Amino acid sequence: MNEKEFPRRRKRLMDMMGDESIAIIPTASVHIRNRDVEFPFRPDSDFYYLTGYQEPTAVAVLIPGRISGEFVLFCREKDAKMETWHGRRTGLEGACDLYGADDAFPIDDLDDILPGLLEGRERIFYTMGNDQAYDQRVVGWVKQVRDMSRSGVHAPDEFISLTHILHEMRLYKSRQEITAIRQAVWISGLGHQRAMEVCRPGMTEYQIEAELLHEFMRHGARSPAYPPIVGSGANSCILHYTENRDELRAGDILLIDAGAEYDFYASDITRSFPVSGEFSREQELIYELVLSAQLAAIEQVKPGNHWNDPHDTAIEVLTDGLLELGILRGTRKKLISDQAYSRYYMHRTGHWLGMDVHDVGDYKLDGEWRMLDVGMILTVEPGLYFPPGRGLAKKWWNIGIRIEDDVLVTPTGHDVLSKHIPKGVAEIERLMS
Ligand code: GLY
Ligand code: MN
Ligand code: MN
């Protein structure tokens with residue numbers, strides 16, 4: 001991300017907050033994996049979006065109109081010994097020079113300094129509920145200022161969640177954000193293609209996962225955006241299967257839902273294909289049905305259409321197909337109103353995509369599905385899942401198909417960012433042969 005992007009975002013947010021307000025945005029906490037070992041740290045998306053700062057234990061404070069500086073960063077100080085053990089630190093000077101903070105203070109001084117910054121402000125923008133310890137500290141700081149009211153100090157008395165205005169900003173992607181997501185999608189495509197190329201019966205699901213991660217990391221995506229789902233046979237029918245430990249068997253479908261994260265931006269891609277490289281008749285019928293639902297849903301992605309239009313369209317196509325295959329019986333209208341498809345299609349057709357894989361942004365405004373607009377990015381990911389039983393003929397068992405692409409809303413309609421990743425039956429069979 002170009003370093004100009006962050007001050008631009010802070011300015012926009014502060015313009016919307018208005019003077020007399022203050023925003024407090026802590027980064028994510030560090031989590032212990034086992035004893036002295038931590039999970040890899042990833043900054044909180046809201047915090048990173050506004051600061052570009054990647055080190056743990058930091059709090060950003062935005063104070064529009066403050067004469068002595070509007071952006072204050074509390075962060076770790078430089079410390080030669082700690083840096084020898086645990087890695088480099090930007091330090092306070094670096095926070096100002098590299099990240100554009102007007103003031104930087106040691107994170108250990110937060111409780112001493114923050115109450116003073118609240119004085120005279122009317123409104124606090126802060127997102128409650130992410131971290132109880134911080135929630136309590138914020139309340140404590142306000143109380144501290146309020147206790148001084150007899151000496152004429154004014155304490156803020158309005159709490160506003162940051163999510164509304166900030167997440168509305170994050171929903172509309174800038175050119176640079178679109179570039180980052182394109183890159184994440186591109187890298188994911190290399191992984192999916194490699195998985196199709198190397199897949200053969202007798203391998204394990206985790207070996208396929210290793211091929212994906214290899215491709216992600218060697219192209220600069222240091223982490224997947226979420227734990228990869230690599231499910232074969234019956235596992236393809238478990239929506240969030242992540243054990244990835246079974247052997248791949250000829251005749252089974254392999255469903256891979258895996259996306260790289262690049263520069264803190266996610267991709268989210270699913271492809272489903274036969275372990276042996278050739279679809280059986282039943283697998284192909286279901287695959288073509290999901291694909292036609294997906295293509296029809298993607299056609300609904302355009303400015304002015306509602307968020308739910310792709311989902312409604314996918315449901316219609318899937319219901320028609322299930323009727324034709326004899327898997328559902330009844331009248332189309334009633335099957336749709338009864339949600340009969342939900343036995344085999346139990347999730348929605350997509351979600352926003354951005355820094356978070358299930359990204360922020362409201363899906364409804366004033367109780368109505370919101371309209372799609374230029375710069376939004378969403379996934380389109382219908383599927384059908386047939387675990388054994390459910391009154392189904394045995395020939396359909398253990399077929400789980402999902403096809404997921406990442407789609408940008410453009411002025412003329414949409415751009416499927418993942419269009420280069422093979423998804424036609426013939427194309428997949430050719431690649432695997
Ligand atoms: N990878 C989770 C999802 O597709 O939403
Ligand atoms: Mn996915
Ligand atoms: Mn998804």
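From a predicted model like this one, the values you see are computed outputs, not experimental measurements. One-based numbering, in listed order, for ligands and for the atoms of each.
- Closest approach between the Mn ion (ligand 3) and any N/O/S atom of E381 involves OE2.
- The Mn ion (ligand 3) does not have D257 among its coordinating residues (no N/O/S atom, backbone or side chain, under 2.8 Å).
- When each of T270, I421, V290 is paired with I403, the side-chain contact (heavy atoms from CB on, under 4.5 Å) condition holds for V290 and for no other.
- Per residue E404, closest N, O or S atom to the Mn ion (ligand 2): atom name OE1.
- Less than 4.0 angstrom separates some heavy atom of Y226 from each of these atoms of ligand 1: 1 (N).
- Qualifying side-chain hydrogen bond (donor to acceptor under 3.5 Å, both in side chains) partners for E55, counting only residues two or more places apart in sequence or in other chains: Y53, R76, T90.
- Listed by number with element, the atoms of ligand 1 under 4.0 Å from a non-hydrogen atom of E404 are 4 (O).
- For ligand 1, none of its N or O atoms has an N or O atom of R402 under 3.5 Å away.
- Ion pair R170/D359 flagged as a salt bridge, since at least one NZ, NE, NH1 or NH2 atom sits closer than 4.0 Å to an Asp/Glu carboxylate oxygen.
- No salt bridge links K302 with D309; every basic N to acidic carboxylate O contact stays at or beyond 4.0 Å.
- Aromatic ring pairs are classed by plane angle as parallel below 30°, tilted from 30° to 60° and perpendicular above 60°; the pair Y341 and Y345 is tilted.
- Among protein heavy atoms, atom 3 (C) of ligand 1 sits closest to D268 OD2, 3.3 Å.
- Annotation: angle subtended at the Mn ion (ligand 3) by D268 OD2 and H351 NE2 is 90°, to 10°.
- Put simply, H358 stays out of reach of the Mn ion (ligand 3), with no N, O or S atom under 2.8 Å from it.
- The protein atom (non-hydrogen) at minimum distance from atom 5 (O) of ligand 1 is H358 NE2, 2.6 Å.
- Applying the ring pair (Phe, Tyr, Trp, His ring centres under 6.0 Å) test between F6 and each of F47, F71, Y49, Y48 identifies Y48 as the sole match.
- Within the set T270, T379, D257, I229, the minimum heavy-atom distance to atom 2 (C) of ligand 1 is found for D257.
- Ion pair D320/R332 flagged as a salt bridge, since at least one NZ, NE, NH1 or NH2 atom sits closer than 4.0 Å to an Asp/Glu carboxylate oxygen.
- The pair R8-E5 meets the salt-bridge criterion, since a charged nitrogen lies less than 4.0 angstrom from a carboxylate oxygen.
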